[in-house]
Q: 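I have a structure here, written as structure tokens, and I will follow up with some questions on it.
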Amino acid sequence: MEKGAADPDRCSQSSSSQSPRSRCLAPFLTKTYDLIEGSGANHIVSWNDEGSGFIVWSPVEFSQFLLPRYFKHCNFSSFIRQLNTYGFKKSASNRWEFQHEKFRKGERHLLGEITRRKCLPSVYPSFLKACERRPEAEASDIDSLVEENKNLQKENSELQLQIAHFKALEVELLDWLSHYMGGTSSNHQGQRVCRSL
């Protein structure tokens, strides 16, 4: 599917199993589904064995070749943030595997049941009115903060993995460049060239 092309499946008419209104599918979800189903690049991204999620096998190639074909960017981190806003979870610690109970191989009709999560209002301003608060309300704010902290820690861990991946890629590129430029005597030259890029 090309960028900006009309998607005939995007809006489906109401049926007995849906709400009375017609339901419009989020372009992000349909494009992601199409990317996995129709890219023909299973070595870069594919469904997992159960069809309950998908795996990005090569984030670099995914960002470079597939994202720009389906989206207006080539930023893997932005793609992950979008997944998070629709409730996708990273389901493996050793690879980029994502799952959502309504995002399944061969079940495109479930995409209409996936909704974007609403942004929660900040809990900080509520603490400014502490004198007006009841103890049970404060407990719920604490629970919200604890949950938000867990989510931030998880996101931080994912970002740390991304950083480690890109640092390893940088080392690999520098090694390749130093080898290409004639061995260890040019290693510092290669590092200088890479850093100036």
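Please read these numbers as outputs of a predicted model, since none were measured by experiment.
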Q: Can you confirm whether Asn84 sits close enough to Lys89 that some side-chain heavy atom of one is under 4.5 Å from a side-chain heavy atom of the other?
A: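 No; the side chains remain at least 4.5 Å from each other.
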Q: Would you tabulate the side-chain donor-acceptor contacts of residues 53-63 under 3.5 Å, counting partners in other chains and residues two or more places apart, or write 'none'?
A:
unit_1: Trp57; atom_1: NE1; unit_2: Ser46; atom_2: OG; d: 2.8
unit_1: Ser58; atom_1: OG; unit_2: Glu61; atom_2: N; d: 3.4
unit_1: Ser58; atom_1: OG; unit_2: Glu61; atom_2: OE1; d: 3.1
unit_1: Ser63; atom_1: OG; unit_2: Pro59; atom_2: O; d: 2.9

Q: Say you draw a straight line from OG1 of Thr85 to CG of Leu83; how long is it, rounded to the nearest 0.5 Å?
A: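 The CG atom of Leu83 is 7.5 Å from OG1 of Thr85, to the nearest 0.5 Å.
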Q: Does the pair Leu66 and Ile44 meet the rule for a side chain to side chain contact (heavy atoms under 4.5 Å, CB included), with working shown?
A: CA-CA 9 Å; Leu66 295 181; Ile44 299 174; 3.7 Å; yes
Q: Would you find a donor on one side and an acceptor on the other, under 3.5 Å apart, between the side chain of Tyr33 and the backbone of Glu107?
A: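 A pair under 3.5 Å: yes.
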Q: Considering only NZ, NE, NH1 and NH2 on the basic side and carboxylate oxygens on the acidic side, decide whether Arg108 and Asp34 come within less than 4.0 Å.
A: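 Between Asp34 and Arg108 there is a salt bridge, with a charged N closer than 4.0 Å to a carboxylate O.
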Q: If Ile, Leu, Val, Met, Phe, Trp and Tyr residues are connected whenever their side-chain heavy atoms lie under 4.5 Å apart, and connections chain through other members, are Phe166 and Leu173 in the same group?
A: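 They do share one cluster, since a chain of ILVMFWY contacts under 4.5 Å joins Phe166 to Leu173.
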Q: Is there a side-chain contact between Thr32 and Tyr70 in this structure, where contact means two heavy atoms from C-beta onward sitting under 4.5 Å apart?
A: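 A side-chain contact is absent here, since even the closest heavy-atom pair is not under 4.5 Å.
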Q: Measure the shortest side-chain to side-chain distance between Phe88 and Leu29 over non-hydrogen atoms and say whether it is less than 4.5 angstrom.
A: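 Yes - at least one pair of side-chain heavy atoms lies under 4.5 Å apart.
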Q: Only counting residues at least two apart or in another chain, list the ones meeting side-chain hydrogen bond (donor to acceptor under 3.5 Å, both in side chains) with Arg81.
A: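 Counting only residues at least two positions away or on another chain, Arg81 forms a side-chain hydrogen bond (donor to acceptor under 3.5 Å, both in side chains) with Ser78.
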Q: Is the shortest heavy-atom distance from the side chain of Ile114 to the side chain of Leu111 under 4.5 Å?
A: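 Yes. Closest side-chain heavy atoms under 4.5 Å.
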Q: To the nearest 0.5 Å, how far apart are CD in Glu158 and CD1 in Ile163?
A: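 Answer for the CD-CD1 pair, Glu158 versus Ile163, is 12.5 Å.
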Q: Can you name the residues that form a side-chain hydrogen bond (donor to acceptor under 3.5 Å, both in side chains) with Glu37, not counting sequence neighbours?
A: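 By the side-chain hydrogen bond (donor to acceptor under 3.5 Å, both in side chains) rule, Glu37 matches Trp47.
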Q: Heavy-atom count check: over 12 atoms from other residues, nucleotides or ligands less than 6.0 Å from Gln160 CD?
A: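 For Gln160, atom CD is crowded (more than 12 foreign heavy atoms under 6.0 Å).
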Q: Is Leu159 linked to Phe76 within one hydrophobic cluster, defined over Ile, Leu, Val, Met, Phe, Trp and Tyr using a side-chain heavy-atom separation of less than 4.5 Å?
A: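 Hydrophobic grouping puts Leu159 apart from Phe76.
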Q: In chain order, what residues pass the side-chain hydrogen bond (donor to acceptor under 3.5 Å, both in side chains) check against Ser77, with sequence neighbours excluded?
A: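 In terms of side-chain hydrogen bond (donor to acceptor under 3.5 Å, both in side chains), with neighbours along the sequence ignored, Ser77 is linked to Gln162.
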Q: Among pairs that include at least one residue of residues 90-102, which meet side chain to side chain donor-acceptor pair (under 3.5 Å), considering only residues two or more places apart or in two chains?
A: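 Qualifying pairs: Asn48-Glu97, Ser52-Gln99, Arg95-Glu97, Lys102-Glu113.
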Q: Below 4.5 Å, heavy atoms only, C-beta onward: do Gln82 and His73 meet side chain to side chain?
A: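 Sidechains of His73 and Gln82: no contact.
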Q: Can you list everything that forms a ring-ring contact (aromatic ring centres under 6.0 Å, His included) with Phe28? Sequence neighbours excluded, please.
A: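 Expected list: Phe71, Phe79, Tyr86.
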Q: For the pair Phe103 and Ile36, evaluate side chain to side chain contact (heavy atoms under 4.5 Å, CB included) and give the outcome as yes or no after the intermediate values.
A: CA-CA 11 Å; Phe103 194 89; Ile36 298 161; 3.6 Å; yes
